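A, B, ... follow the sequence lines: proteins, then strands. Residue 1 opens every chain. This structure is a prediction, so every number in the text was calculated from the model and none was measured.
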There are 2 protein chains.
Amino acid sequence: MYSLAEENYIKAIFHLQQTKTGAVSTNAIAESMDTKASSATDMVQKLADKKVLSYIKYKGSKLTEKGKKIATRIVRKHRLWEVFLVDKLGFHWDEVHEIAEQLEHIHSNELIKRLDAFLGSPAFDPHGDPIPDEHGNFMKTEKKLLSQLNKSQYGVCVGVKESSAEYLQYLDKKKISIGTKINVLGKEFFDGSMVIQVGRDQFFISKQIAENLYVQTN
Amino acid sequence: MYSLAEENYIKAIFHLQQTKTGAVSTNAIAESMDTKASSATDMVQKLADKKVLSYIKYKGSKLTEKGKKIATRIVRKHRLWEVFLVDKLGFHWDEVHEIAEQLEHIHSNELIKRLDAFLGSPAFDPHGDPIPDEHGNFMKTEKKLLSQLNKSQYGVCVGVKESSAEYLQYLDKKKISIGTKINVLGKEFFDGSMVIQVGRDQFFISKQIAENLYVQTN
DNA sequence: CTTATTTTTTAGTCAAGGCTAAAAAATAAT
DNA sequence: ATTATTTTTTAGCCTTGACTAAAAAATAAG
Ligand SMILES: [Mn+2]
Ligand SMILES: [Mn+2]
Ligand SMILES: [Mn+2]
Ligand SMILES: [Mn+2]
C-alpha cells in the first residue's frame with residue numbers, strides 16, 4: 001500500500017515521462033508537485049528503495065514496470081471518477097478534476113471494477129483523455145493539436161491538453177466541447193493565431209488556445 | 001479543514017457520546033480509535049485548542065456545537081456513500097463500511113449535495129442508520145432492540161447496532177434483512193436467548209444476536 | 001581549460017501523529 | 001485513612017513528508 005504522497009508523486013512522474021523522453025529530472029518532479037527539489041529528492045530516493053522507480057544521482061528518475069502499473073491504476077481511477085461526476089452527478093467538465101484528485105486515492109479493487117461497469121466501461125474521460133483498462137492498456141488514438149492544422153483544414157475536437165477550469169470555461173463560452181467540428185478559416189504564421197469557425201460562429205483564437213485542443217482529422 | 005486523523009477522532013467521539021452520557025473518557029476514545037491513551041490525549045488537547053471539543057484534564061472530552069457539526073457532516077457523507085455503494089454499485093451491505101470509511105473524507109460540499117440528490121435523498125443507510133440532512137438533523141425513529149421483546153411479541157427489522165461483516169453475514173444466512181418480520185416464539189430469561197420465527201423458519205438465537213438487531217414494533 | 005551558473009543532493013529542522021515508559025491523579029480496597 | 005489499582009497525562013523518541021541553507025556535481029560561458 002502506498003501513501004497519499006507516494007501515490008501523487010508516482011502519478012506525477014508517470015505523466016512527466018509521457019511527454020519528455022528519458023529520465024525525469026528531480027526539478028521537474030518538484031515543480032509538478034509544487035514542492036521543493038530537496039523534498040523531491042527525498043521522495044524519489046524512498047521510491048527507488050521500494051523499486052517503484054530507478055534513480056541515478058544527478059541523472060533523474062524513471063518508473064519501473066511496477067511503478068508504471070501503480071501509476072496507471074491511479075490514472076484509471078481518476079478518470080473513471082471524473083466520468084462518474086459528469087455523467088451521473090451532472091458536474092461540469094471544469095469542476096471535476098479537484099474532486100477526482102481526492103477520489104483517485106480510494107483503495108478498493110472491487111470498487112473500481114463496479115464503478116467501471118456502472119459507467120459502462122467508458123474509454124475516455126470528460127476531457128477526452130483515454131481511460132486505461134484493468135490491465136493498464138490505453139486506447140491509442142489519432143489526434144493532433146488544433147495548432148497543427150492549416151488554413152481550410154478542419155477537425156473534430158476530441159480532447160484538451162490543458163484542463164484547467166479557466167481554459168475549459170473559455171471553450172464553453174465559445175461553444176467548443178468534445179465532438180465539436182472546427183474549421184480553420186485562417187492562420188497567421190507570425191504568431192500562430194487562427195480564425196476558426198464553430199457552428200455558425202467565426203472568431204479569432206490565439207496560438208495558446210490552439211495548441212491545447214486536440215482534434216481528429218481523417 | 002481538518003486532517004484525516006482529526007476527522008476520524010471527531011467522528012469516533014461523536015458516536016461515543018451518543019451512547020454514554022456526560023464526557024467521553026480518553027481511554028474510550030483510544031479504544032475506539034484502536035490507538036494508545038497517550039495518543040488520544042495528544043489529539044483531544046489539539047482538538048480542544050481548535051474549539052472542536054471541551055476537554056478537562058482527567059475528566060474527559062465533549063464535542064462543542066462546532067465539533068458536532070463537523071461530525072454530523074462526516075456521518076452524512078459516510079452513510080450517503082454506503083447507500084451509493086449498495087443501491088448503485090450493487091455492493092452487499094456487509095462490504096461497504098470500509099470503503100465508506102475512506103469516502104467520508106472526500107472534501108466537496110457540491111459533491112455531497114449532488115450525491116444526495118442522485119440517491120434520492122435517502123433517510124437511512126443500508127444498515128438502517130439515519131442519514132442526517134444537510135442541517136445535521138437526524139430523523140428520529142422508534143426502535144428497540146430485538147432483545148427487549150418478549151415471548152409472542154413481534155417486530156420488523158429496521159437496522160443493526162453492530163455492523164461488522166461477520167454479523168451481517170450471519171443475518172443473511174438467516175434471511176434477516178431490513179424489513180423482515182420477526183416473531184419471538186420463546187425467550188430464555190437465564191441467558192437472554194430466544195427462539196424466533198423468520199418467514200417459515202424457526203430457530204434459536206443467542207442474546208448477542210438479539211441485542212444487536214433493531215426492530216420496530218406496532 | 002577554467003570560472004560562473006544552474007541543478008541536485010545533503011544536513012539539519014519542523015509539525016503531525018504515532019509509540020513506550022514513567023509520573024501523577026482519580027478511584028477502589030483494605 | 002491509608003494503601004493499592006486503574007486511568008490519564010507527561011516526557012521523550014520515532015517516521016513521514018515538508019522546509020532552508022549549504023555543499024557538491026553538472027553544465028554553460030568566457
Ligand atoms: Mn483530471
Ligand atoms: Mn491526488
Ligand atoms: Mn458504516
Ligand atoms: Mn474514516
Where the side chain of [X] is concerned, which of [options] is the nearest nucleotide?
| X | options | answer |
| --- | --- | --- |
| Lys36(A) | dC19(D), dT10(C), dG18(C) | dC19(D) |
| Tyr58(B) | dG18(C), dA24(C), dT9(C) | dA24(C) |
| Asn27(A) | dA18(D), dT7(C), dT9(D) | dT7(C) |

Can you tell whether the side chains of [X] and [Y] come within less than 4.0 Å, N to carboxylate O?
| X | Y | value |
| --- | --- | --- |
| Arg79(A) | Glu82(A) | no |
| Glu101(A) | Lys11(A) | yes |
| Arg76(A) | Glu104(A) | no |

Please check the phosphate of [N] (OP1 and OP2 only) for any side-chain N or O of [X] closer than 4.0 Å.
| X | N | value |
| --- | --- | --- |
| Thr41(A) | dT10(C) | no |
| Tyr9(B) | dG18(C) | yes |
| Ser39(B) | dG18(C) | no |
| Thr35(A) | dC19(D) | yes |

Could you tell me how far apart [X] ([atom1]) and [N] ([atom2]) are, to the nearest whole angstrom?
| X | N | atom1 | atom2 | result |
| --- | --- | --- | --- | --- |
| Glu31(A) | dT6(C) | CD | C1' | 15 Å |
| Asp42(B) | dT9(D) | CG | P | 10 Å |
| Met1(A) | dT16(D) | CE | C1' | 17 Å |
| Tyr55(A) | dT10(C) | OH | P | 6 Å |
| Lys57(A) | dA26(D) | NZ | P | 10 Å |
| Asp49(A) | dT15(D) | CG | P | 14 Å |
| Leu4(B) | dA15(C) | CG | C1' | 17 Å |
| Gln45(B) | dA16(C) | CD | C1' | 14 Å |

Practice problem: Could you check Ser3(A) against Lys59(A) and say which one's nearest nucleotide on DNA chain D is further toward the 5' end? | Solution: Ser3(A)
Self-check item: side chain to side chain contact (heavy atoms under 4.5 Å, CB included) partner of Lys144(B), the single match among Leu213(B), Val158(B), Val215(B)
Solution: Val215(B)
Self-check item: Sugar-phosphate only, base, or nothing, as touched by Ser38(A) at under 4.0 Å among non-hydrogen atoms
Solution: base
Quiz item: With a non-hydrogen cut-off below 4.0 angstrom, is Ala37(B) in contact with a base, only sugar-phosphate, or nothing?
Solution: base
Practice problem: Return yes when atom NZ of Lys62(B) has more than 12 non-hydrogen atoms of other residues, nucleotides or ligands closer than 6.0 Å, and no otherwise. | Solution: no
